Structures are given as C-alpha cells and as structure tokens.
Amino acid sequence: MNHMSLFGAGAGLIALLGISGPLSPFAPDVTRAPDSRLLAQATPAPATSAPAPAAARAPAPSGVPEVDETALRYFARQGDTRRLEAEIARLRSLYPDWTPPADPLAVEDAGDPELDRMWQLYAQGQYPQVREAIAQRQTREPAWQVPADLLDRLALAEARQQLINASDLKQFETVVRLGAENPSLLTCSDVDVLWRVAAAFAQTDRPGRATDAYRYILTNCNDANERLATVQMALPLLPKSDLQQLLALERTGQNGVGEFQPVRVDIARQAVADGGSNPDETVPQADLRLVEEAAQASDTANDPLLLGWYYVQRQGYDEARRWFSMASEREPTAEAARGLALSLIGLRQFAEAEAAMRPYSGESTQSRSVYLAAAANLLAIEPPVSLPQEVLARIVQEVATGRDAATAEQLGWYSYALNQFQTAGQWFTTSLEWKPDGELAAFGLALTRQRLGDAAGLRAIQQQWAGRSERIANIGRDWRGATPPAAATAPAQTLPPAPQQPIAQVQQQQAVPQLAQPMPQAMAYAEPAPRVQPAVPGQQPAPAPQQAPAPRAAASGGGGTTGCRGFVPPQTLSAQAALNRAWCLMELNRPMEAAPAFEVGLQTTNPTTRQDAAYGLALAYLRQNLVDKAAVAATMAPQPRARRIELEGSILSQRATSNFDAGRPVETIMTLDQRARIVPEQLDLMVLRGYSYMQLRRYRDAERVFKAVAATGNREGIRGLAAVREAMRPTGR
C-alpha cells in the first residue's frame with residue numbers, strides 16, 4: 001500500500017502551507033506529481049498549536065536517526081496489522097533514511113507495564129484516558145520521560161478525531177485547517193480522512209481543489225474498492241468536467257473492463273434522470289445506451305423507470321410504454337402504473353390507460369390525477385363507448401374524492417351524449433360547484449336545461465353568464481332558419497393531448513380532499529339510450545324521460561345532515577355519537593362546531609374511533625386555517641399512510657400559503673420543498689413557488705417553474721411566465 005501524504009506531495013505545497021519537515025520518500029513512480037496548489041488557500045497552522053514533531057529532533061552523531069519504535073513493537077505484539085502498517089508509514093515519512101526492522105519483535109522492550117497500558121488505551125481510542133495516565137505517572141515519577149512517539153501519535157489521533165467531528169458537523173473550513181496542520185493524517189492508509197478533506201473543499205466552493213484531492217487518491221492509492229468509492233463520492237460534488245478528469249485515471253482490469261464502469265453507469269443514469277425532468281437536456285447516446293444495457297441486465301425496476309420518464313418527456317410513447325411495462329412486470333408500483341398510463345394516453349389507448357391506473361387510483365393525489373386524465377379521455381371518445389358499471393363507479397368515486405371539476409364536466413358530456421340529460425345536468429352542476437368559472441360546464445348545463453324543457457333554468461344560466469359567453473346567450477334564440485353557430489350545439493369532446501411534462505408538472509390543480517364532503521349524485525347508467533339529433537336553437541325538444549336520482553352519499557360516521565342542525569352539547573354524547581355528529585357538522589361546513597365533537601370522540605379506548613376522531617379534528621382545524629392545531633391533532637392517534645400523507649400535505653400547503661401572504665419567500669420555498677418530498681406539487685403551489693423565486697430575483701428558477709405551469713394551459717402560469725420574462729428583459733429595450 002502506498003502511504004504518501006497528500007500534504008507531502010511537493011516542496012511547493014509544503015512551503016505554501018508553512019509546514020516544515022521532510023517529504024515522504026514513498027512517492028509512487030508516476031510521471032506527474034499531484035497538483036501542489038491543492039491547499040494553497042488552506043489556513044496555515046498556528047505557531048503555538050502543537051508540540052514539534054519527532055522529525056524536528058537532530059539525528060544521532062552516527063548519522064542514524066533516533067527513532068522511537070515503542071509503538072511499532074507494541075502493535076506487532078498485539079497483532080494489529082493495520083496500525084502496524086500505519087506506524088511504519090508515519091515513521092518512514094518522518095525519517096526518510098530509517099529502515100523498519102524485519103522483525104519488530106526481535107528487540108525486546110525493557111518491560112514497562114504502565115507504558116504498555118497507555119499504548120493499550122491508545123489502541124482502544126481512549127485518548128483522554130491516555131492523557132490522564134501520563135499526567136498521573138509524571139506526578140508520581142517527575143524524572144520519567146514520556147516517549148515522544150506516544151505524544152506524537154496521541155496528538156495526531158486527537159487531531160484526526162477533531163477533523164472527523166468537524167466533518168460530521170459540516171464545519172468544512174475547520175476540516176481544511178486541521179488537514180493543513182496535520183499532513184501526516186493524509187495518507188492512503190487513512191483514505192477516509194482524504195475523502196473528508198476533499199468533500200470540505202467541494203462544500204466551500206473550491207471544486208478545483210476538491211478535484212486535486214480526489215485526483216491525489218487516484219494517482220497514489222491502489223486499493224480497488226477505495227478507488228471506486230472515491231469516484232462515487234466525487235460524483236455528486238463535482239461538475240461533469242472535473243469528473244472527466246478523474247475518470248481519465250481509470251485502470252483497466254485483466255478482463256478489459258475499466259474499474260470505474262459502475263460509476264460511468266451512475267453518471268449515465270443521472271443524465272437520463274435529468275433528461276426525464278427537462279426536455280431541453282441533451283443526453284449523449286452513449287449514456288442512454290449504458291442505461292438501457294443496465295436495465296436489460298438487472299431485474300429491478302429502477303432503470304426501466306428512468307428510461308420510461310425520459311421517453312415520455314420526448315413524446316416517445318412507444319418506447320416509454322415498453323420500459324414502463326418492464327418496470328411494472330418487475331415491481332408493480334404506482335409510479336410504474338402512472339408512467340404506463342401516461343404512455344398509453346399519448347398513444348390514445350385510453351381504455352388500457354384507465355385499466356393500468358385503476359388499482360392505484362386512490363393511492364395518492366398524484367395517482368388520482370393520472371387516473372382521472374385517463375378516465376376523462378376515455379369518456380371523451382367519439383362516439384361514446386359503453387363502459388362497464390364497475391369502471392364508471394370507480395371514475396365517479398375518484399372524481400368525488402378529488403373534487404375534479406374537469407372530469408366531472410366530462411361525465412356530464414358523456415351522459416349528455418347518451419341522452420341521460422338529468423344525470424348530465426347533475427354532473428355539470430357539480431363541476432360548476434367545484435369550478436364556478438367553468439364556462440364549458442355552464443354551456444353544457446344550459447344545453448341540458450334546454451333539452452329538459454326547463455326554460456326558467458336556462459334563463460337563469462343565461463343571466464348569470466350574460467356578457468361572458470356568447471354561445472350560452474345564443475341557446476334558444478330564434479334564428480329564423482339561419483344556420484346556428486357551431487358553438488350552439490354540443491361540442492365534440494376531445495381533450496388536449498397527454499401531458500408532456502413529468503406528472504409532477506402536469507398535475508391538475510385540486511382542492512385538498514376532505515372527508516365527509518357530499519358526493520355528487522351517483523350516476524346509475526343503464527344501457528345507452530337511443531341517440532337523438534342534437535338540439536337546434538329555436539326548437540323545443542320533447543321532454544326526455546326523467547331519471548330518479550340516486551340518494552346522496554351519507555356523511556362519514558352518520559347518515560345525512562338532518563340530525564345535526566340543532567345544538568347538542570357534545571359532552572353529553574358518547575364517543576361514537578359525538579363522532580357521528582362531528583362528521584355531520586363537517587358536511588354542513590361547520591368546522592368550528594365539529595371540532596369539540598371530534599374532541600369528545602377522542603375520549604375512548606376504541607382505536608378505530610380515536611383514529612377517525614383525530615383525523616376529523618385535524619381536518620376541522622385545517623378548514624379554520626388553524627394549521628398548528630391541525631398538526632397537533634394529526635398526532636393524537638396513529639393514521640394510515642394515505643391519511644398521514646394527505647394531512648401533512650394539506651398542513652404544509654397552508655403554511656406555504658401563509659408564508660407567501662406574509663411576504664416571506666424564503667420560508668415559502670422551504671415549506672414547499674418539504675411538502676414536495678411527500679406529495680407532488682400542485683399547480684397553485686407551483687405558482688407560489690414561481691413568484692417566491694421572483695421576489696428573490698431568482699429569475700431563471702422562476703422562469704423554469706412558470707414554464708412548466710404554463711405548459712398545462714394554466715392562466716396563472718402564463719401570466720407568471722410573461723411577468724418573469726418582462727423582469728429579465730434588459731432595461732432600455
């Protein structure tokens with residue numbers, strides 16, 4: 001093993017650091033020494049920092065240096081090979097003319113049990129105890145001389161411990177200073193210290209010096225595992241150009257494969273991952289080929305997922321489907337299903353996309369978004385397809401849970417196309433409740449009112465949208481034989497193309513799902529009714545058969561809301577009765593009254609009741625914007641994973657909004673980052689992130705965020721993109 005010290009790589013480096021002492025004689029036979037500029041900016045060691053090393057002692061008159069081999073013999077007796085090699089390396093760096101004994105045990109020590117105990121404490125890493133033992137002996141025996149080797153090694157070990165502690169505490173300037181003060185630490189026998197010094201350079205914005213440190217290891221150290229680990233550690237810390245310098249030091253094995261091949265695959269994976277999140281990122285074909293080969297050679301889903309998102313980003317839906325299918329076969333997960341569904345949507349295979357996402361539709365908001373995208377496209381097929389009852393039931397359930405106005409509207413058009421006008425009207429009304437400015441849903445509701453012969457209802461809608469929608473105003477006009485505007489007939493429903501950005505960027509803005517929200521009236525689809533001609537403005541259609549609506553879904557924990565309109569002191573109720581009443585109050589949007597009832601529900605030993613009560617109490621506080629109380633309530637009883645994620649996401653959403661409203665952009669971004677680690681970011685929160693970046697004058701980051709939001713057609717994203725580009729425009733133009 002090569003034991004050359006990093007700080008002893010060249011005389012120029014020693015002079016720059018103000019370190020005296022001989023250079024190590026164990027420099028490898030290489031054509032180029034490590035860069036002597038490596039620590040030129042390191043802090044010189046203070047003049048009073050430590051006792052002079054043993055190397056400063058004058059040699060004996062005979063010319064042979066006086067070398068204290070006590071530690072050498074002790075480690076040999078103990079059979080501690082690692083420390084024995086490190087001690088030989090240290091002594092050789094201090095005494096270039098010294099030759100280690102062939103057998104360190106050939107010369108017996110005079111025998112000093114107390115000194116042996118000190119060395120034993122040192123070997124065990126009990127450095128304070130060593131100091132204490134030395135002080136006690138010096139008190140008893142004032143004439144006793146501490147072996148200089150013990151003091152030197154003790155000081156070095158303590159410095160090493162300080163360096164490691166500083167590194168763990170991220171005190172990187174201290175790490176660099178301790179390395180400069182203790183060059184004997186920086187040898188191939190202790191690569192961990194070298195790694196820490198290199199990382200400290202990288203973390204203090206000195207990537208060039210970090211590269212020099214990593215290059216030193218690859219130039220001088222020979223352990224194959226440590227060399228590979230060196231490049232792996234440098235991977236997240238250095239720019240690509242510097243990484244290429246390290247990869248150039250690769251050694252090829254007897255099998256012809258380079259030692260850094262695993263790292264090259266990791267670099268390629270990172271490039272493909274970057275390409276999966278940014279369509280403008282150029283990924284070399286060689287990197288793409290490496291990841292594809294790795295995906296074929298392994299049996300995990302990680303590499304196929306990377307490739308799938310890469311191709312989805314570039315609209316290569318056939319390739320994306322192939323890789324996502326492979327990932328799903330290996331590890332059936334929601335992420336693989338989402339990618340497969342997006343690929344199938346891009347290929348206009350909407351039924352297959354809905355089927356792929358169906359098992360995962362309720363797992364998270366992100367999965368629900370992709371499922372609803374597939375479902376909306378499936379409902380929009382012309383002519384409408386007859387869907388099985390179980391498929392429609394799942395779509396209805398997810399639309400209600402996610403309060404998704406777009407898919408609710410599409411259910412309205414689907415019902416309208418099947419001449420189920422009563423059901424269509426219910427869905428258009430539900431869509432408008434969730435998105436009051438939905439003009440297309442209002443248009444559908446107006447057409448439905450016309451087909452049902454509800455003239456008063458039609459007039460009410462036209463008055464509400466007067467001046468805002470010409471086509472709604474035109475419904476029912478007497479055109480005296482003229483061809484009515486195309487907009488006055490039911491539009492052919494074709495949704496926009498499948499999202500081209502990663503799902504986190506294309507996810508539709510959704511309200512926070514809340515328990516006990518009233519479900520829209522269920523759609524009991526019968527066989528498709530005979531198709532009739534679309535309504536023509538000015539004609540009165542024959543009234544369609546009325547369909548009896550299904551009963552509204554009961555509130556969680558109790559049936560209906562009629563039983564909770566009056567006041568009942570919650571303390572007079574049992575835990576279960578209080579819980580039922582609390583959910584009833586939540587359905588009536590009376591969270592302030594529901595909270596005390598949920599608190600009574602918590603006063604039980606039944607784990608299910610306590611779980612539901614804690615969940616409901618957190619939701620009640622969230623509706624009142626009492627975020628801190630909601631966070632406390634969420635911890636009052638263990639919750640299933642889906643609920644925990646929902647509550648944490650909602651709490652962090654409200655905190656981010658509060659921080660933004662208070663003019664605290666840094667706290668807003670930090671809160672959004674925390675939320676993004678557990679749930680995908682919604683479009684409204686992405687808009688907050690974009691404006692927070694603008695307030696911090698991070699215009700490039702703001703532009704990237706607004707560009708992703710604007711790509712979904714979101715108006716706020718478009719406005720934000722225009723604003724940030726105006727802010728970036730040079731003055732005077």
Side-chain angles (χ1 to χ4, degrees), residues 338 341-342 344-346 348 350-351 353-354 357-358 361-362 364-382 384 387 391-392 394-417 423-448 465 469 471-472 490-501 503-514 517 519-521 523 680-687 708-718:
R338 288 195 298 268
L342 287 174
L344 292 167
I345 291 173
R348 304 191 64 78
F350 305 130
E354 186 276 335
M357 276 307 302
R358 197 183 307 153
S361 61
S364 66
T365 303
Q366 190 176 20
S367 294
R368 183 175 296 115
S369 264
V370 179
Y371 176 77
L372 291 174
N377 279 283
L378 179 60
L379 292 167
I381 294 176
E382 285 289 345
L387 299 179
V391 173
L392 285 168
R394 175 58 64 88
I395 295 173
V396 169
Q397 175 185 341
E398 297 303 336
V399 168
T401 303
R403 298 172 61 85
D404 186 80
T407 312
E409 176 195 303
Q410 195 61 66
L411 282 166
W413 289 117
Y414 181 78
S415 306
Y416 188 95
T423 302
Q426 294 168 6
W427 278 115
F428 288 133
T429 301
T430 299
S431 178
L432 287 168
E433 288 175 357
W434 293 338
K435 187 182 178 185
D437 62 345
E439 189 270 347
L440 188 56
F443 176 59
L445 182 59
L447 287 177
T448 302
W465 286 85
S469 173
R471 59 180 171 180
I472 292 178
Q493 294 302 303
T494 55
L495 292 188
Q500 305 305 323
Q501 285 75 32
I503 185 60
Q505 297 179 2
V506 303
Q507 178 185 4
Q508 294 295 324
Q509 178 177 340
Q510 298 192 20
V512 178
Q514 297 176 345
Q517 287 293 339
M519 294 270 288
Q521 294 184 340
M523 299 197 316
E681 197 153 283
Q682 301 168 187
L683 289 183
D684 57 338
L685 297 180
M686 291 178 70
V687 170
V709 178
T712 69
N714 182 279
R715 293 180 180 177
E716 288 299 326
I718 295 170

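What you see is a predicted model, and the numbers here were worked out from it, not measured in a lab.
Checking Tyr416, Trp413, Trp434, Tyr414 one by one against Phe428, the ring pair (Phe, Tyr, Trp, His ring centres under 6.0 Å) holds for a single residue, Trp413.
Taking each heavy atom of Val370 and Ala341 in turn, the nearest pair found is CG1-CB, 3.8 Å. Contact record, Ile395 with Leu372: O-CD2, 4.5 Å, taken as the closest heavy-atom pair. Here the closest non-hydrogen pair linking Ser367 and Arg338 is OG-NH1, 3.0 Å. Shown here for Ala441 and Glu409, the closest heavy-atom pair between the two residues is N-OE1, 3.6 Å. For Ala446 against Ile472, the heavy-atom pair with the smallest separation is CB-CG2, 4.4 Å. Heavy atoms only, all atoms of each residue included: Arg394 and Ser361 are closest at NH1-OG, 2.9 Å.
Between Asp684 and Gln682, the side chains place a donor N or O and an acceptor N or O closer than 3.5 Å (distance only, hydrogens not considered). Counting only N and O atoms by type, the side chains of Arg368 and Thr401 include no donor and acceptor under 3.5 Å apart.
For the atom pair Thr407 OG1 and Glu398 CD, the distance stands at 10.5 Å (nearest 0.5 Å). Here the straight-line distance linking atom CG of Leu432 with atom CD of Glu439 works out to 10.0 Å at 0.5 Å rounding. Remark: Gln426 CD to Leu445 CG distance equals 11.0 Å, nearest 0.5 Å. Taking CG from Leu344 and CZ from Phe350, the interatomic distance works out to 10.0 Å, rounded to the nearest 0.5 Å. Put simply, CZ on Arg471 and CG on Leu447 are 9.0 Å apart, with the number rounded to the nearest 0.5 Å.
With sequence neighbours excluded, no residue forms a side-chain hydrogen bond (donor to acceptor under 3.5 Å, both in side chains) with Ser431.
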Discussion item. side-chain contact (heavy atoms from CB on, under 4.5 Å), that's the test. Do Arg358 and Val391 meet it? Break it down for me.
Written reply: CA-CA 9 Å; Arg358 197 183 307 153; Val391 173; 3.5 Å; yes

